[in-house]
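What follows is a short report on a single structure.
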Amino acid sequence: MTDPTADVPAVAVVGVHGHGASHVARALQAQAEGRARLTAVADPRAGEADHVPTGVARHPSLDDLLAAGVPDVVVLSTPIHTHAELATAAMEAGAAVLLEKPPTATPAELDALLATSRRTGRPCQVGFQSLGSQALDHVRERVADGRLGEVTGWAATGCWMRPRSYWQRSSWAGRRVLDGRVVADGVLTNPLAHSLATALAVAGRQETADVLAVDPDLYRVNDVEADDTSSLRVRLRESPDLLAAVTLCAGERGEPAVVVEGTAGRATLYYAVDVVVEEVPGRPPLVTRHARTELLDDLLAHLRTGAPLRSPLADTGAFTAVLDAVTRSAPPHRVEERFVERVPLPGGDEHRRLRGVEEAVALALSRRALFRELDLPWTRTP
Ligand SMILES: NC(=O)c1ccc[n+]([C@@H]2O[C@H](COP(=O)([O-])OP(=O)(O)OC[C@H]3O[C@@H](n4cnc5c(N)ncnc54)[C@H](O)[C@@H]3O)[C@@H](O)[C@H]2O)c1
């Protein structure tokens, strides 16, 4: 008897703990709907993965997984500094790749990976899931239709919280460099990287050459090497500047957003929830909610029909140029303890809150200024 699922694409997930658990769940969802089969996983800790059903092959590494059989799609949800090597191996073996963000830790790795993708003919989708949202298309259309007048600036913003345990969960967490390799695990390049990537996508400036200059302004409140509170200005080719102001040291979690400022109004894209709020003076706000295409489904559709990817590797040049400027900049400024409140959490955990950071983020956006240009006491060296 022939296997009725034999024509359904085989998907493997590499890195199954942490964020990888959501990829396992999504692959299982696609399997339940008959669009894919989760055939294998790879992780040095694959044996501890209770969320992976029995019957799914478990391997300690991607090499072992590929030696046992090449799936149609490899989903990579591993530490940033492993991305280039693992994605290269998967494509060389003949698999399409869904690669978590940030795609690579350096522009040289991105160029090499793009060359591998072109040579092998294997597509690579990058895990900026906000780019799967139709909210993005909506904002682009409103801007193109002139609903906001002339665009005067793009912004990326987010106020999140990350407890001490987040920074302690893995050896690479909060590192700029690990064992001589660039890791780039700062707020702008990892947890709130979506804000930056989505702002660049809304602006239609995703190529390396679109980034003319980057002025990073980085701070750290936690005991980490990388930045956890940062602002940054990107000068873009034939476009207004992009300003980013983000933190992981807020008092409570706020919805991150991309903001488009125009001469006639403003659009705020709450990219994590697919909601757009358009404000034009003299009119009530227009609030729209949008559907989202999952990036795995989008990649499977691409394999089936050749339809363009929503978040292709080739569209991450500008993001990677900004990431590179951040990783090459001076280390983040250490915020003095007197500006920080230590909030105890259950289980002996702790969150460090930078007092007034939400107001600082709002001010940075409204004045289109970096934190260090705002005369904030915590930005200064004593
Ligand atoms: N798109 C999003 O919203 C989102 C959210 C969180 C994390 N991420 C990204 O997902 C990736 C993983 O982040 P995380 O926070 O889950 O990391 P993590 O360190 O918590 O987990 C990484 C997992 O990969 C495994 N692993 C490590 N090296 C491996 C290797 N060489 N081969 C196979 N498995 C390996 C680990 O055992 C672990 O299971 C990062 O790129 C991160 O930026 C994306």
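Atom set for the values below is all heavy atoms of this structure, side chains included, hydrogens, waters and symmetry mates excluded. Residues: numbered from 1 along the sequence shown. Just so we're clear, the structure is a prediction, and the values are computed from it rather than from any experiment. Start at 1 and go down the list; that is how both ligands and their atoms are numbered.
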Are any of the side-chain nitrogens in [X] or [Y] under 4.0 Å away from the carboxylate oxygens of its partner?
X	Y	answer
Glu350	Arg352	yes
Arg334	Asp223	yes
Asp137	Arg310	yes
Asp227	Arg176	no
Glu294	Arg35	no
Glu225	Arg220	no

Is a donor from one side chain sitting under 3.5 angstrom from an acceptor on the other, for His302 and Gln125?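 On atom types as modelled, these side chains do not qualify, holding no pair under 3.5 Å.
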
Does a side chain donor of either Gln134 or Asp274 reach within less than 3.5 Å of an acceptor in the other side chain?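 Side chains of Gln134 and Asp274: no pair found under 3.5 Å.
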
Distance from [atom] to nearest protein heavy atom, with residue and atom:
atom	answer
atom 42 (C) of ligand 1	Lys101 O, 3.6 Å
atom 24 (O) of ligand 1	Gly15 CA, 3.4 Å
atom 44 (C) of ligand 1	Glu100 OE1, 3.1 Å
atom 37 (O) of ligand 1	Asp43 OD1, 2.6 Å
atom 7 (C) of ligand 1	His19 CB, 3.5 Å
atom 27 (C) of ligand 1	Pro79 CD, 3.3 Å
atom 21 (O) of ligand 1	His17 O, 4.0 Å

Closest by any non-hydrogen atom to [atom]: pick that one out of [options].
atom	options	answer
atom 14 (P) of ligand 1	His81, Glu48, Arg169, Arg45	Arg169
atom 23 (C) of ligand 1	Ala105, Ser77, Gly20	Ser77
atom 40 (C) of ligand 1	Val14, Leu86, Thr78	Thr78

Short list, please: which atoms of ligand 1 are under 4.0 Å from a heavy atom of [X]?
X	answer
Ser170	18 (P), 19 (O), 20 (O)
Gly127	1 (N)
His194	1 (N), 2 (C), 3 (O)
Gln129	1 (N), 2 (C), 3 (O)

Whether the side chain of His17 engages the backbone of Glu48 through a donor-acceptor N/O pair (distance < 3.5 Å, no angle test) should be reported.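 Looks like no, no N/O pair under 3.5 Å.
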
Main-chain N/O of Ala30 paired with Glu33 side-chain donor or acceptor, under 3.5 Å: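 No: the side chain of Glu33 does not pair with the backbone of Ala30.
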
Give yes if a backbone or side-chain nitrogen or oxygen of His83 is under 3.5 Å from a nitrogen or oxygen of ligand 1, and no if not.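 In this structure, His83 places an N or O atom under 3.5 Å from an N or O of ligand 1.
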
Please determine if Pro44 has a nitrogen or oxygen closer than 3.5 Å to a nitrogen or oxygen of ligand 1.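 N/O-N/O distance under 3.5 Å: no.
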
Taking a cutoff of less than 4.0 Å between a non-hydrogen atom of the residue and any ligand atom, is Trp172 in contact with ligand 1?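 The answer is yes: ligand 1 sits under 4.0 Å from a heavy atom of Trp172.
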
Could you establish whether Ser61 and ligand 1 come within less than 4.0 Å of each other, counting only heavy atoms on the residue side?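 Ser61 does not count as a contact of ligand 1 under the 4.0 Å cut-off.
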
Provide the closest heavy-atom pair for Leu299 versus Pro123 in the form atom of the first, atom of the second, distance.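 Minimum heavy-atom contact is CD1-CG, 4.1 Å.
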
Would Thr78 and His83 count as a side chain to side chain contact (heavy atoms under 4.5 Å, CB included) if you check the C-alpha gap in whole Å, the side-chain angles of each, and the deciding distance to 0.1 Å? CA-CA 7 Å; Thr78 57; His83 286 185; 3.6 Å; yes

Would you mind telling me if ligand 1 is within reach of the side chain of Asn190, the backbone, both or neither, using heavy atoms under 4.0 Å?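 Just the side chain.
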
